[in-house]
Number of protein chains: 2
Amino acid sequence: MRRPVTIKHVAAEAGVSLQTVSRVINNGPNVRPEVRERVNEAVAKLGYVPSIAAQRMGGSRSWLLLALNDRDRTIEGWRLGEGTDWVDKMLMGGMLECAEHGYRMIFELVDTHSNHVEREVRAAISALHPDGVILTPPHSDNPLIIDLLVQLGLPFARIGSVVDGPGFAITMDDRAAGKAATDHLLDLGHTRIGFITGSDEWAISGARLDGYKQAMTERGLAIDEALIGRGDFSFESGTAAMEAFCELAEPPTALVASNDQMGLAALRVINSRGLKSPENLAIVSFDDTPIVKFSHPPLTAIVQPIAAMTAEASRLLIRAKAGDADLPDAVVVPFGLAIRDSTRRA
Amino acid sequence: MRRPVTIKHVAAEAGVSLQTVSRVINNGPNVRPEVRERVNEAVAKLGYVPSIAAQRMGGSRSWLLLALNDRDRTIEGWRLGEGTDWVDKMLMGGMLECAEHGYRMIFELVDTHSNHVEREVRAAISALHPDGVILTPPHSDNPLIIDLLVQLGLPFARIGSVVDGPGFAITMDDRAAGKAATDHLLDLGHTRIGFITGSDEWAISGARLDGYKQAMTERGLAIDEALIGRGDFSFESGTAAMEAFCELAEPPTALVASNDQMGLAALRVINSRGLKSPENLAIVSFDDTPIVKFSHPPLTAIVQPIAAMTAEASRLLIRAKAGDADLPDAVVVPFGLAIRDSTRRA
DNA sequence: ATGAAAGCGCTAACAA
DNA sequence: TTGTTAGCGCTTTCAT
């Protein structure tokens with residue numbers, strides 16, 4: 001059980017003071033290249049890695065980023081085990097970006113709706129002293145959490161939040177995505193395109209619908225209100241909306257669903273009526289969770305860039321902590337469009 | 001930006017010394033109930049939460065558990081986005097268990113095959129000073145990592161490792177699972193049951209096969225070597241094995257596949273021959289990753305208890321750090337059997 | 001350009 | 001049963 005290597009050992013090995021080693025480690029100024037070299041050699045030779053606990057105690061960074069996710073939502077996703085991959089994607093984007101900069105990302109589950117959110121968050125921060133906090137929906141819009149963070153003077157990023165406010169706002173352009181989804185169908189020759197909205201409680205629902213409308217209008221097509229179904233992101237609401245479309249004298253030949261669940265619901269509805277996709281209905285959904293790859297046919301979907309958004313959040317927070325000024329207070333991350341069989345050969 | 005609350009503030013508030021507060025926080029002895037009460041009130045009033053960095057500096061626990069996953073495997077899983085949910089399940093089991101005890105779990109990706117594994121692991125440990133380390137396959141059997149941990153005197157758990165060695169070995173009973181899968185098919189009335197093995201490089205492959213053989217033998221059925229196909233966990237190997245079965249004069253009416261990929265491959269093979277499951281072939285696969293829920297039909301599968309194993313690992317490490325003696329050095333976690341349409345109505 | 005001193009928040013070991 | 005002392009490993013001052 002060897003004693004761990006500390007900064008002292010490095011200093012002794014290189015024949016300099018603690019302070020000089022510290023300067024080298026932190027890329028500080030005022031060190032002759034020659035000395036710097038010698039210290040680095042000692043570091044390498046001894047396999048020295050600074051203790052982040054000690055660094056933090058010394059008044060420097062903690063090299064920790066705290067990511068807050070909604071407890072119920074996350075656990076429910078895990079329990080179902082159906083591949084809701086928010087957490088996976090966050091890790092992919094956040095962890096890898098953090099690792100790039102010597103940072104670590106710590107996950108924490110918090111009840112948004114509980115009245116002691118503030119206490120939960122405060123406790124996590126007191127224990128960890130993170131250099132920054134990443135908020136995911138629905139925390140991204142929680143005023144209690146945001147106010148606390150502001151009060152604490154801790155840099156934070158709000159992922160997927162469209163409301164203005166302090167902290168870095170990391171989003172995708174939902175309006176543009178709604179337009180891209182619709183354009184894809186228009187390009188395939190469709191003109192009667194249905195749209196199923198998300199819940200009004202989410203600002204992104206309106207944005208996605210706006211994109212649809214813009215795409216239609218730009219091609220000189222009138223907006224037919226009968227082709228706009230009201231959903232709330234649930235499978236059931238998708239089913240209801242699609243069934244209404246089917247009752248129309250002239251049902252849509254293509255559909256944009258505001259999330260995967262509703263897209264799959266629509267597919268199920270037409271299947272139960274003996275219809276198929278893409279022959280009778282081309283479908284584009286939003287989010288691109290794993291499930292849409294396994295439906296028959298697999299669904300074309302707008303890819304929500306969760307990993308990229310989390311990576312961007314991490315990058316900004318790390319730069320903020322490093323003292324970097326003039327950082328954008330909002331970043332729009334490009335979305336993707338995964339084309340699959342539900343929109344092939346129109 | 002309020003100054004954070006430290007142990008000093010609590011001490012002042014309660015009118016006692018730092019040490020007494022420390023004792024209360026750590027449930028130490030030698031504190032009058034009355035004083036303890038007073039301190040707790042001060043803690044609650046001030047919303048005090050100890051800094052784990054400072055606790056660790058003071059020579060106590062770091063309240064951190066380090067979980068090591070294979071870099072390539074993990075990233076590949078994320079990249080594909082097909083819901084390989086090892087990480088998700090680990091978080092679910094590990095994080096929740098850790099939270100229960102005031103611990104945090106930090107994830108780290110490490111290249112098993114790299115020749116600087118040791119350096120990578122050592123660096124993570126030096127930086128974090130975790131109280132314990134959780135190893136997942138293939139790290140669980142990596143002698144470089146294991147030796148390092150032993151040398152460091154750090155408690156660690158090896159998940160899914162069947163080889164003997166130091167550290168806590170957390171496993172599921174793969175032999176029993178192989179038997180349970182086979183028994184399930186036997187109970188349905190099948191007698192010609194095929195088996196596709198995993199790669200010989202994994203000890204679990206042999207265990208699963210043994211379970212199959214035992215189940216067959218116990219029912220007085222002979223082991224037909226022609227019904228044992230050699231696979232290596234890949235989709236392709238599953239395809240090859242199933243195709244060989246189909247060429248038999250008397251093909252199997254049921255199948256146990258040593259993982260989901262090969263189970264899905266078998267399903268694909270029979271579908272391409274105009275056959276269906278479960279009518280022509282009842283299928284049970286191993287692992288129960290999300291994808292088997294979305295095949296047609298969904299596959300019955302042995303559920304690998306990843307969350308439970310990680311939770312158990314966390315529990316043991318935390319207890320070990322707490323000084324708990326007589327802990328088991330091996331724990332077998334019960335597996336599950338998720339029955340789905342691929343084995344209904346035989 | 002470098003080193004010495006003080007202190008971060010906490011816990012061990014010791015004394016009272 | 002309590003309080004006092006001395007660190008833990010590092011980074012800030014501030015000297016030199």
Once base and sugar-phosphate atoms are separated, protein heavy atoms under 4.0 Å mark nucleotides 6-16 of chain D, 5' to 3', with B, S and - as -BBBBSB----
Out of curiosity, A/I318 CD1 to A/R61 CZ, how far, rounded to the nearest 0.5 Å?
8.5 Å
Heavy-atom donor-acceptor pair, A/R158 side chain to A/V163 backbone, under 3.5 Å:
yes
Distance-only, no hydrogens or angles: does the B/D131 side chain make a donor-acceptor pair with backbone N or O of B/W63 under 3.5 Å?
yes
Between [X] ([atom1]) and [N] ([atom2]), how many Å, whole number?
X: B/N30; N: C/dC14; atom1: CG; atom2: C1'; answer: 14 Å
X: B/N27; N: C/dT11; atom1: CG; atom2: C1'; answer: 15 Å
X: B/R61; N: C/dG9; atom1: CZ; atom2: C1'; answer: 17 Å

To check you understand the geometry: which heavy-atom pair defines the closest contact between B/M92 and B/A307, and what is its length?
CE-CB, 3.8 Å
If only side-chain N and O atoms of B/T20 are considered, is one of them under 4.0 Å from the OP1 or OP2 phosphate oxygen of D/dT1?
no
N-O pairing of B/R38 and B/E41 below 4.0 Å
no
Assess whether a salt bridge exists between B/E76 and B/R73, defined as any Lys/Arg side-chain N lying under 4.0 Å from an Asp/Glu carboxylate O.
no
